[in-house]
Structures are given as C-alpha cells and as structure tokens.
2 protein chains.
Amino acid sequence: MRVGELAKRSGVPVPTIKYYLREGLLPAGVLTSPNQAHYDDEHLRRLRLVRALMEVGGLSIASVREVLATIDTRDDSLHSKLGAVQEAISQPGSVELDPLAVEDVQGFLRRQGEEECADVTESNVTHLLAAALSAARSVGHDHFQDLLDPYLEGLKIIAQADLDYIASRGSRDDVIEAMVVGTLIGDTVIKAVRRLAHAQVSRKVIGDSVVPDEG
Amino acid sequence: MRVGELAKRSGVPVPTIKYYLREGLLPAGVLTSPNQAHYDDEHLRRLRLVRALMEVGGLSIASVREVLATIDTRDDSLHSKLGAVQEAISQPGSVELDPLAVEDVQGFLRRQGEEECADVTESNVTHLLAAALSAARSVGHDHFQDLLDPYLEGLKIIAQADLDYIASRGSRDDVIEAMVVGTLIGDTVIKAVRRLAHAQVSRKVIGDSVVPDEG
DNA sequence: CCTAAATGGATAGCGGTACTCTCTACTATC
DNA sequence: GATAGTAGAGAGTACCGCTATCCATTTAGG
C-alpha cells in the first residue's frame, strides 16, 4: 500500500506519517520508484503502536523512539528485555529527591529481599518511586511510604496476571510488544479501575460522613 | 512573607509564582500597600501542591486549576467530593472509542453490580478505561479486557489501603487534599511498584526462557 | 535621608514539542 | 494528457509553560 492508504487505515494524516518517517518512528517503505514506496501491514502495526504509546501512554516522540529501539534490539533474554522496556517507558520527572524518600525506597527494597540497591537513581523505576515519595513529603505526606506494602500486595496479583498475559502471546515479537502495550496501557487501565474501586469502597465504607466539619 | 521568601521556601522562581498568580493557581496575597502583599503558609502549601500535581501527576495548568476549583468547592459530601476529584484528575485523551471496547467496559461494570451505566463517556473514569481498551484493540490486543477482573482483585486491596490512608487524616481539608495527593501520587507509586513486581515475578516465573525464537 | 534592592502588576518574548504547510520533481491512473 | 497522488525536505504554526523586561512604588540598610 502507499502512504495514502496507510493514512486511511490508521486514521493518521499523511503529513504526520511523513513526519514520523523523518523522526525515525516508522521505517521507510520499499522504494519502487524515486517517488513511490510500498508499505505493508508491519508498517500499519507499528504506526498504531506509536499512536497508542503517545495517546494512552503519554510518551513523547523521543521516548517512543527509545522504546522502539529497545523493542527492536534483539540480543537480550526476555527477562532483561522486560527490564529494558520498563526503563524506557519510566522516565522520571525532574523532581529533586528528598533523602528521606530515598531511604524509604531503600528500606522497601531491602524488605523485599532486593540486595543490590546501591543507588536508587540508577534505575528509572526506583528513581520514579523515590520522586513520587519526595513529592508526597513536599506536600506534607510523610507517611505515604506506609502504603508501599499494601500496594505491593495488590500489585503482586496484578503482576502475575500481567506476566500470564504476556506469556500467552505467540511469537517472541508478540511477547515483547505485549510487554510494552501491557505495561503502558495497563497503567492507564489500572488508573481507571483504581478509581472505580475507590468509588466502590467509598460507597461501602465512608458512606457519607466520616470526618467532622473542620479541624 | 513576601514573594521572595515564598520563592526561596518553595524552590519556585519568583517569575513563575507571578505567573501562577496570574493564571489563578494561587490566590493573591493580602495587599498592605499598592505594591506590597503578604503570603502565608497556606500559600506555600498550595504552591507545593500545584507543583506536585504538575511534576508527579503530569497535570496541565488547566487541569490543576480545575482540580483546585474542585478542592475549594465546599458543598459536597466526602463521597461525592471524591468522585468530583477523580473526574478532575482523569482527563481522557482524544482516542476515538472502539464500540467493542465500550461493550467490554459496560460488561465489566455490570459484572460489578453497577446498574447505572447508560453512557460510558459520561464519566471521565469510564471513558479513560474505554479509551485504554480501545487502544489495546487497535494494536491487536483484543483480549486485554480479560485482565480487568484480576486487576480489580488487586486494586480492591489497594483501594482499601487508600481509603484508610485518606480517612486517617485530621481535618476535612486534609482529607480532601489527601484524595488528590493520594490518588495522583499513588498512581505514580503504583506504576513504579508494579514494575518492581513485574521484575520480581519475572525472575521467579519466566526465568530466562519461555517462548521459542520466532513465531 | 539617600540609595540599592525588592515588589506588584502588566506585556512581550522564548524554547520546546508535535505537528502542518508548502514546494519540487516525479509517477500512477483514468 | 489532465488529474491526483507521492517522496522528500525545509519552513511555518499553535500551544504550553515559563522567562525577561519594564514601570512606579516601597522597603531595607547605612
């Protein structure tokens, strides 16, 4: 197919596709003439992935490029590939870390039997966690880390479901893409379902009055 | 205090504070002269909240303004306030919804005993969920909704912890702020811990080989 | 009291991001 | 042979979150 049909089938405007080609988010089509190229279903699939990463995952073009590069690297074991994918999709903001929050993270990791926790900022994931706890502290929530253990309890169930889902995919390529899609779209799904669960629990527990007027 | 000290104590540059004042993210200080105003600890607290919402929650200025407006509205019960806060912090992207994904969401809600599910797009939260499942479908993941039930199972544990945390706050104002902070910063913490749980489970289950080379 | 620094207020400009437009030379199709 | 589509590439645009500059006034220090 040519770029027009790719645009029609993906819902992405032609100029935007050209832009993605220039930015290296999409591999070039096969040239049949100096100004004619053919694109196949792989291009369509990749294009939809790019859009999903941006729209649902909220990733920037630069992050998408990094994620795609990680996906396309073909030398790691699946376990380390999962790690690499997670690093690529977990860009922490530029919050400066509260040492107490760093300590909280290290304590948590230690509690979970993680031995090698030299520097929290070495991994995007632990950095992200420390940044979030720092932000909590900065707004006066200095016991937010107490939630880590119950969170992990719930997330073990979720992570098991995630891994089952990923492993149920057919080819190795599908497994790797499912890591990205499952993790990023999963984040959004979890966000939404958590809010629904809040509403459910709140309806049962809080009812309508739990706290007096003003403290 | 004057704006200079507010800047020093919050780490936010003076011009940025002025900008936030203009944008209505911060209430004006008390004028003591035509060009002198006093700010108090409430301003500092609010400023830090604004930064936390933007840096960790990834909210835009417009969203922050909306959230603050919701916080400051003082007429709802806590239960409905939680709902309002959730709506304000759950802006769905502009993905067009797949009818099948909408059906998935409705089925899920029905399964959970939610009766009133006329229009999924009426609530930002269900819209967000439908958008995420639509994106999953668009990249060929048309059974992602099978994860909803295990997700809810894990998230019930998390939501209970959240509600306990929120309810443990002192004043009504603190409770309301904890809804925002706990939900948004909680999202990020959950994101990070989920990745750690992935690594943990993956180390145990996947080990290093689960899927053959190529399908 | 005088001067330097800071302040409130307002307007304009800047840097980054994600497109979108425009152009040229060519090709496919009717 | 007229019309529409195409590859490739540079310029332009729109929005967002600041940042810089200016002004008249005021405060703080010697």
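Because only heavy atoms are used, hydrogens play no part in the values below, and waters and symmetry mates are left out as well, while side chains stay in. From a predicted model like this one, the values you see are computed outputs, not experimental measurements.
- One can place CD1 of A:Ile17 at 17 Å from C1' of D:dA9, the figure rounded to the nearest angstrom.
- B:Leu21 comes within 4.0 angstrom of nothing in the nucleic acid, heavy atoms only.
- Pairing each heavy atom of A:Tyr20 with each of A:Met54, the nearest pair is OH-SD, 3.7 Å.
- Closest to the side chain of A:Ala37, out of D:dA7, D:dT26, C:dG8, is D:dA7.
- To the nearest angstrom, C1' of D:dT21 lies 12 Å from CZ of B:Arg22.
- Contact annotation: A:Tyr39 reaches the phosphate of D:dA7 (side-chain N/O to OP1 or OP2, under 4.0 Å).
- Both A:Arg2 and A:Ser60 lie near DNA chain C, and the one whose nearest nucleotide falls closer to the 5' end is A:Ser60.
- The backbone N or O of B:Ala69 sits less than 3.5 Å from a side-chain atom of B:Thr73, completing a donor-acceptor pair.
- C:dG8 atom C1' lies 18 Å from atom OH of B:Tyr19, rounded to whole Å.
- The aromatic rings of A:His141 and B:Tyr165 sit tilted relative to each other, their planes meeting at an angle between 30° and 60°.
- Of the candidates A:Asp187, A:Thr126, A:Thr183, B:Arg195 forms a side-chain hydrogen bond (donor to acceptor under 3.5 Å, both in side chains) with just one, namely A:Asp187.
- Regarding A:Ile61, its CD1 atom lies at a distance of 11 Å from the P atom of C:dT20, rounded to whole Å.
- Distance CD (A:Gln36) to C1' (C:dT29): 11 Å, rounded to an integer number of Å.
- A side-chain donor-acceptor contact under 3.5 Å links A:Ser10 to the backbone of A:Val12.
- The nearest whole Å value for the distance from the CD atom in B:Gln91 to the C1' atom in D:dC16 is 16 Å.
- Not a single donor-acceptor contact under 3.5 angstrom links the side-chain atoms of A:Lys18 to the base of D:dA9.
- Residues A:Met54 and B:Leu31 each lie close to DNA chain C; by heavy-atom proximity, the contact nearer the 5' end of the strand is made by B:Leu31.
- In this structure, B:Ser33 does not reach the C:dT7 phosphate: none of its side-chain N or O atoms is under 4.0 Å from OP1 or OP2.
- Atoms CE (A:Met1) and C1' (D:dG5) sit 16 Å apart, rounded to a whole Å.
- In this structure, A:Asn35 atom CG and C:dA28 atom P are separated by 7 Å, rounded to whole Å.
- Looking at heavy-atom distances under 4.0 Å, B:Pro15 makes contact with a base.
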